[in-house]
2 protein chains.
Amino acid sequence: MAQVRPMRADARRNRERLLAAAVEAFAAQGEGASLDDIAKRAGVGAGTLYRHFPTRRALLEAVYSDRIEAIAERAGELAERLPAGAALVAWLNELGLGMIQMRGLRALLSSSVGGGEEAGRGAGGASSDCCDPLRQAVARLVGDAQGAGELRRDVGAMDVLRLVHGVAMACGEAVGGESVGDAGDAGDAEGAEDVGERLRRYVGLLMEGLRARG
Amino acid sequence: MAQVRPMRADARRNRERLLAAAVEAFAAQGEGASLDDIAKRAGVGAGTLYRHFPTRRALLEAVYSDRIEAIAERAGELAERLPAGAALVAWLNELGLGMIQMRGLRALLSSSVGGGEEAGRGAGGASSDCCDPLRQAVARLVGDAQGAGELRRDVGAMDVLRLVHGVAMACGEAVGGESVGDAGDAGDAEGAEDVGERLRRYVGLLMEGLRARG
DNA sequence: ACCTGAACACCGTTCAAGT
DNA sequence: ACCTGAACACCGTTCAAGT
């Protein structure tokens, strides 16, 4: 699977620069950042970007695959330290937080989980993609939790993944502000809730619905 | 609030044509449909489109405000016919279905509810927008359900709106296909589930979590 | 083998000129 | 008062020419 032939030195360096520029650009501008700009900031021609990363999605994957694998590995650690149900909740919170903090990651999972079409998968639709580790992780945690009688058996791992993805999208950006003088139509303490807090709250509510009832 | 002066006949006709073209375009191409194309299909110059609808969001609102109001009004009907909890569930299902069927509507609610930034609100951020009827509708249904002891009191109307919005996004397009040979990692009967079915299932799970516990 | 940058097609947005 | 369409800036993508 690894490179058949080592890359030429300049090619390798250009790839590195492109990735560095892309990380910054995606973080600042979001997953729709201008590819031309990324190439410029990396100091290479536009063609070079396309040679290394033929699609925007390929670039996104290259940028985020490390983080994705890191999150997936957390599943194992949490599974050892916590009871099955708690491990699942904790992991879902970490995943959701990752999606909120890294818009590119959210876009990737979006197109990989069937949630929307930002950064589409391309017509080919090769099912195997960089989010497979996440799928495996959630499958394990969900299986454990069901085995321990802490999770309903009529939901699948993909359901859980999709729901948390949706909930994370629903939490919104780290924009802060929430439309100022809102004629109190939202009943409760809405005021200055942190996005992270809100995520935890929503994941909690969701899990309440997914919990197996005695 | 209505037009101060009646529009000139040609202006009115152009507006009509633009709206008709936009309805088709948003339905076919999604909320990102080319504005230039819409103007062309309507048989008017690009400038005319901008005169009538200065932003993409303005056009989206003009296209969907009728449907939005129709959905909002359904809340009243359902509230009369059903017990509070059931009315809320039924309405959320209708809203979710609307968002799945009309991508433009989803985009509108998205930027209005703080969920994402597709079709952004513009820097002004005028809090009043076309989704207000939805907010009022959900506020009423949520209030009723809480009053009847059928819904937790620690969630606000906006929470419910955001969560259903997220869940609807999580259900995905009416694309049908779900990536073909998926090495059964998703536990359950995933096979040929309709998007509408899935939405109902997800809304049901969510409500299970939001229900007031005796 | 890889890179460059000009070239092309496309889109959003503005605005001078028309009626 | 409203419309038109050319003009501009910007972006993604390709490809002939370079090293």
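Below, chain A is the first sequence line, B the second, and so on; all start at residue 1.
A salt bridge does not link B/R13 to B/D10: none of the charged nitrogens lies less than 4.0 Å from a carboxylate oxygen. Looking at B/D194 and B/R198, no side-chain N of the basic residue comes within less than 4.0 Å of a carboxylate O on the acidic one, giving no salt bridge.
Of the candidate nucleotides C/dT14, C/dC3, D/dG12, C/dC3 has the atom lying nearest to any side-chain atom of A/D10. Closest to the side chain of A/L35, from the set C/dG12, D/dC11, D/dT13, is D/dT13. For A/A11, the listed nucleotide lying nearest its side chain is C/dC2; candidates were C/dT4, D/dT13, C/dC2. Set against C/dT14, D/dC11, D/dC3, the side chain of A/S34 has D/dC11 as its closest nucleotide. Ranking D/dT4, C/dT14, D/dC3 by closeness to the B/H52 side chain, first place goes to D/dC3. Proximity note for A/A46 (side chain, C-beta onward) versus D/dT14, D/dA1, C/dC3: the nearest is D/dT14. When the nucleotides D/dG12, C/dT14, D/dC2 are ranked by their closest atom to the side chain of A/D36, D/dG12 comes out on top. Of the candidates D/dT13, D/dC2, C/dC3, C/dC3 carries the atom nearest the A/T48 side chain, counting heavy atoms from C-beta on.
Residue A/L59 contributes atom CG, which lies 11 Å from atom P of D/dG12 at whole-angstrom precision. The CZ atom of B/R56 sits 9 Å away from the C1' atom of C/dG12 (whole-angstrom rounding). Across the protein-nucleic acid pair, A/Y50 atom OH and D/dC11 atom P stand 12 Å apart, rounded to whole Å. In this structure, the NZ atom of A/K40 is 13 Å from the P atom of C/dT4, given to the nearest Å. Distance B/R57 CZ to C/dG12 P: 18 Å, rounded to the nearest Å. One interatomic measurement links the two molecules: CZ of B/R41 to P of C/dC11, which rounds to 11 Å at whole-angstrom precision. In this structure, the CD atom of B/Q29 is 13 Å from the C1' atom of C/dC11, given to the nearest Å. Nucleotide D/dC3 holds its C1' atom 17 Å from the CD atom of B/E16, rounded to whole Å.
Using modelled atom types, one side-chain atom of A/N93 and one backbone atom of A/V89 make a donor-acceptor pair closer than 3.5 Å. Judged by distance alone, the side chain of B/W91 and the main-chain N or O of B/I71 form a donor-acceptor pair under 3.5 Å.
In terms of position on DNA chain C, the residue among B/R8 and B/D37 whose nearest nucleotide sits closer to the 5' end is B/D37.
In plain terms, the two heavy atoms of B/C171 and B/Y202 that are nearest each other are SG-CD1, 3.6 Å.
The pairing partner recorded for D/dG12 is C/dC8, the criterion being a Watson-Crick or G-U wobble arrangement whose two distances lie under 3.5 angstrom. Of the nucleotides present, C/dG18 is the one that pairs with D/dC2 by Watson-Crick or G-U wobble criteria, both distances under 3.5 Å.
Taking CG of B/L109 as the reference point, atom NE2 of B/H165 lies at 5.0 Å (rounded to 0.5 Å).
Phosphate proximity of D/dC2 to B/N14: absent, as no side-chain N or O sits under 4.0 Å from OP1 or OP2. OP1 or OP2 of C/dC2 lies within a sub-4.0 Å distance of a side-chain N or O belonging to A/R51.
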